[in-house]
Asker: 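Please see the structure below; I have some questions.
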Amino acid sequence: MQELTHFLNGQQNKGTSGRFADVFNPATGEVQSQCPMASVDETTKAIEDAAAAQVAWGATNPQKRARVMMAMVGLMNRDMDKLAETLSREHGKTIPDAKGDLQRGLEVIEYCIGAPQMLKGEFTDSAGPGIDMYSMKQALGVVASIMPFNFPAMMPLWHVGPALACGNAVVLKPSERDPSVPLMLAELFVEAGLPAGVFQVVNGDKEAVDTLLDSEIIQGVSFVGSTPIAQYIYSRATANGKRAQCFGGAKNHLIVMPDADMDQAADALIGAGFGAAGERCMAISVAVPVGEETADRLVEKLVPRIERLRVAPYTDGDDVDYGPVVTREAKERIMGLIQSGVDQGAELVVDNREFSLQGYENGFFVGPHLFDRVTPDMDIYKTEIFGPVLSCVRAGSYEEAIGLAMDHEYGNGTAIYTRDGDTARDFASRINIGMVGINVPIPVPLAYHTFGGWKKSMFGDLNQHGPDSFKFYTRTKTVTARWPSGIKEGGEFNFKAMD
Ligand code: NAD
């Protein structure tokens, strides 16, 4: 049995708590390694060491910090295959998906190479007689990142990259379900030239998280995960006077207008609904066809596509559509929600409740499911299922369709499929959701824009990556300076000359 570690002060660290979490291979259902769960004392020490290391790192010029990012890009590309294989083995996603996870993280590291430009301050010459005023962006100090299981490379890199580039030290608490890639990334950062202690990886659970939230040293907290935990982290961190940004769950609607290209819409729903087994915060879990005829045409196109999906372990090759979900508990939860959909009267058009994969009977595979005639009062509509389940809610009009998306408590992403510019423009303008796609099913903004939802998908006010991340990980100091313009007399400044 492999024993995982923490990564502290530039080295692997086995931990001393004596508590471990099992890490599974979701394809086989076997425990493949054990991950140490940090105690309060271990977490506290990791934070203190980060604070000591941050002093010199914060004083390092931004260009040098950017060079670490540049080197990191090269090292991640060098190790891409190894990282992707490790990621797939712990998470279950296919190798192309794992490479996408790494690539989207890498793009934020590339963005961070621009740190010197992003961190430039402002200067007002002659704000008063002999007075100049300037503002500078300084690192917060030590920040914490508490991350989810579903993007074990991308999510940490979205936070650690900008935080480090701004001169902070980071204590990362990865998901206990797939901690290996974050550990590998921390090692690569050290190889890239990051001083020891500036990036600490503390594996753990609530005990480690609460220690981070209560620490007086931690100045900022970034969280990504489910909404109830996001709310908890946001309130505890802010009650302790910390800056916080907490990103939560989602229920993303894709509206299909009668004039949409129906093949494109169906293909989009397959990729966005079932890719990565639906374990994406930007997954489309609700299709909203407008009009009965549109709905009939859409469902007719979806069914054969869903039946063709290849569900298998990542080791079966690049033509696998998706793999297992992350844990047995996740599978049981998803199956329970599917049953609730049947019980509450939705029409299960594609039913794979008996799905099993020969040779992988203990793996956490869930076959693809399609529900039609779902209504807003059903649990499968209200809840984030986070599995390969697509719900079709038939709307009578565009107004009804947009109303559904607007009334849902989540507001992460949404999309509309239409050929009509007026409708698309109206949708983008009125919708109360953070990320919008027009004939694009998963509208994930690129590294130089920002990523964040609205409503119960986000707590805080600055988004992930892009310019917002440089704002989140710095604070502004403004200096008003008046220099004596008088002539030095007898070793003393002549302050009189200033009047
Ligand atoms: P999760 O909320 O279970 O766990 C996230 C992190 O919180 C983990 O590190 C976990 O150890 C920690 N945690 C869990 N329970 C805790 C508790 N009681 N106290 C303190 N810490 C606790 O989420 P998950 O299952 O790992 O990730 C899936 C969720 O993340 C989905 O809801 C998904 O939509 C969301 N997500 C959101 C975004 C976004 O940008 N909005 C991105 C990715 C994932």
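Worth saying up front: this structure is predicted, and the values here are computed from it rather than measured. Note that ligands are numbered from 1 as they come in the structure, with each ligand's atoms numbered from 1 the same way.
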Asker: Taking atom NZ of K455 as the centre, report whether more than 12 heavy atoms of other residues, nucleotides or ligands fall under 6.0 Å from it.
Answerer: yes
Asker: Evaluate E176 for polar contact with ligand 1, using N/O atom pairs at a separation under 3.5 Å.
Answerer: yes
Asker: Can you tell me which portion of N150 lies within the under-4.0 Å heavy-atom range of ligand 1? Options are side chain, backbone, both, or neither.
Answerer: side chain
Asker: Identify which of E207, E279, M147 has a heavy atom lying nearest to atom 9 (O) of ligand 1.
Answerer: M147
Asker: If I compare all heavy atoms of Y410 with all of T227, which pair ends up nearest, and what's the gap?
Answerer: CE2-OG1, 3.2 Å
Asker: Taking the non-hydrogen atoms of Q464, is any one of them nearer than 4.0 angstrom to ligand 1?
Answerer: yes
Asker: Among all protein heavy atoms in this structure, tell me which lies nearest to atom 19 (N) of ligand 1, with the distance rounded to 0.1 Å.
Answerer: K206 CG, 3.5 Å
Asker: Any nitrogen or oxygen of G225, side chain or backbone, less than 3.5 Å from one on ligand 1?
Answerer: yes
Asker: Is it true that F151 lies under 4.0 Å from ligand 1, counting heavy atoms only?
Answerer: no
Asker: Out of C246, C281, P152, whose heavy atom is nearest to atom 39 (C) of ligand 1?
Answerer: C281
Asker: Could you check atom 25 (O) of ligand 1 against the protein and tell me its nearest heavy-atom contact, residue, atom and distance included?
Answerer: R177 NH1, 3.2 Å
Asker: Would you mind checking which non-hydrogen protein atom is closest to atom 28 (C) of ligand 1, with the distance to 0.1 Å?
Answerer: F386 CE2, 3.6 Å
Asker: Against heavy atoms of F247, which atoms of ligand 1 measure under 4.0 Å?
Answerer: 39 (C), 40 (O), 41 (N)
Asker: Atom 2 (O) of ligand 1: which protein heavy atom is closest, and how many Å away?
Answerer: S226 OG, 2.6 Å
Asker: Please evaluate residues D377 and K382 with respect to the criterion salt bridge (charged side-chain N to carboxylate O under 4.0 Å, His left out), reporting the C-alpha separation (whole Å), side-chain torsions for both, the decisive distance (0.1 Å), and the verdict.
Answerer: CA-CA 7 Å; D377 54 325; K382 291 189 278 193; over 6 Å; no
Asker: Using heavy atoms and a threshold below 4.0 Å, how should the contact between M155 and ligand 1 be classified: side chain, backbone, both, or neither?
Answerer: side chain
Asker: Taking a cutoff of less than 4.0 Å between a non-hydrogen atom of the residue and any ligand atom, is G248 in contact with ligand 1?
Answerer: yes
Asker: Could you point out which residue of V349, N352, D351, V389 forms a side chain to side chain contact (heavy atoms under 4.5 Å, CB included) with L370?
Answerer: V349
Asker: Out of I233, I146, V224, I229, who is nearest to atom 5 (C) of ligand 1 when you count heavy atoms only?
Answerer: V224
Asker: When you measure from atom 26 (O) of ligand 1 to every protein heavy atom, which one gives the shortest distance, and what is it?
Answerer: F149 N, 3.0 Å
Asker: Tell me, yes or no, whether the heavy-atom count around Q11 atom CD, taken from other residues, nucleotides or ligands under 6.0 Å, exceeds 12.
Answerer: no
Asker: Provide, to 0.1 Å, the distance between atom 27 (O) of ligand 1 and the closest protein heavy atom, together with that atom's residue and name.
Answerer: P148 CB, 3.3 Å
Asker: I'd like to know whether the aromatic ring centres of H253 and Y381 sit less than 6.0 Å apart in this structure.
Answerer: yes
Asker: Run the contact test for N412 against ligand 1 with a 4.0 Å cut-off on heavy atoms, strictly below, and give the result.
Answerer: yes
Asker: How does M458 reach ligand 1, by side chain, by backbone, by both or by neither, if only non-hydrogen atoms under 4.0 Å count?
Answerer: neither
Asker: Among all protein heavy atoms, pick the one closest to atom 31 (C) of ligand 1 and tell me residue, atom and distance.
Answerer: E384 OE1, 3.5 Å
Asker: Not counting sequence neighbours, list each pair that qualifies as a side chain to side chain donor-acceptor pair (under 3.5 Å) and has a residue in residues 172-185.
Answerer: E90-S180, K173-E176
Asker: Does a sphere of radius 6.0 Å around CD in E361 hold more than 12 heavy atoms from other residues, nucleotides or ligands, not counting ones at 6.0 Å or beyond?
Answerer: yes
Asker: Under 4.0 Å from any heavy atom of F223, which atoms of ligand 1 are there?
Answerer: 2 (O), 5 (C), 6 (C), 7 (O)
Asker: With no hydrogens and no angle check, do the side chains of Y448 and H465 hold a donor and an acceptor under 3.5 Å apart?
Answerer: no
Asker: Please check whether V209 reaches ligand 1 - meaning an N/O of the residue sits under 3.5 Å from an N/O of the ligand, judged on distance alone.
Answerer: no
Asker: Locate the shortest heavy-atom distance separating V68 from W57; write the atom from each residue and the value.
Answerer: CG2-CH2, 4.0 Å
Asker: Side chains of Q200 and D49: any donor to acceptor distance under 3.5 Å?
Answerer: no
Asker: Give a yes-or-no answer on whether the side chains of E187 and Q12 include a donor-acceptor pair shorter than 3.5 Å.
Answerer: yes
Asker: On a heavy-atom basis, which atom in M76 and which in L83 lie closest, and how many Å separate them?
Answerer: O-CD1, 4.0 Å
